[in-house]
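Just so we're clear, the structure is a prediction, and the values are computed from it rather than from any experiment.
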Amino acid sequence: MNLAEMVKRLAEEKGWMPAQLALAWILAREPDLVSIPGSRHAQKIEDNAGGTEVQITAEDLRTIDQVFLLDNPARLPRRSRH
């Protein structure tokens, strides 16, 4: 399973949009990082904003990190709040 498939599956299990989970993961790994997702549609902007409300667990982080490392071993962000 690749990273995109895993994020989509995990997001669906939790009732989130994949973009919300991805943004929550970035914020959990690098809280000082500013992510600016773009969109041409107002609904997508609202969906993306919901990523700040997603409560990602330490287990979710480990799951995503494991798949991310398999796909991109040199690119995992350094810090974590968990």
Apply side-chain contact (heavy atoms from CB on, under 4.5 Å) to residues Lys14 and Val54 and explain how you reach the verdict. CA-CA 10 Å; Lys14 299 200 175 268; Val54 168; over 6 Å; no
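Looking at Leu21 and Leu10, their side chains come closer than 4.5 Å, going by heavy atoms from C-beta outward.
Remark: the backbone N or O of Thr57 is paired with a side-chain donor or acceptor of Asp60 at under 3.5 angstrom.
Hydrophobic clustering (side-chain heavy atoms under 4.5 Å, transitive across Ile, Leu, Val, Met, Phe, Trp, Tyr) groups Ile26 together with Met6.
The number of heavy atoms from other shown groups lying within 6.0 Å of CD (Glu13) is above 12.
The line from CH2 of Trp16 to CD1 of Ile56 is 6.0 Å long, rounded to the nearest 0.5 Å. Taking CH2 of Trp25 as the reference point, atom OG1 of Thr63 lies at 12.5 Å (rounded to 0.5 Å).
Contact check on Glu5 versus Arg9 returns no salt bridge, with no Lys/Arg side-chain nitrogen under 4.0 Å from an Asp/Glu carboxylate oxygen.
In terms of heavy atoms, Leu61 sits closest to Ala28 at CD2-CB, 3.7 Å.
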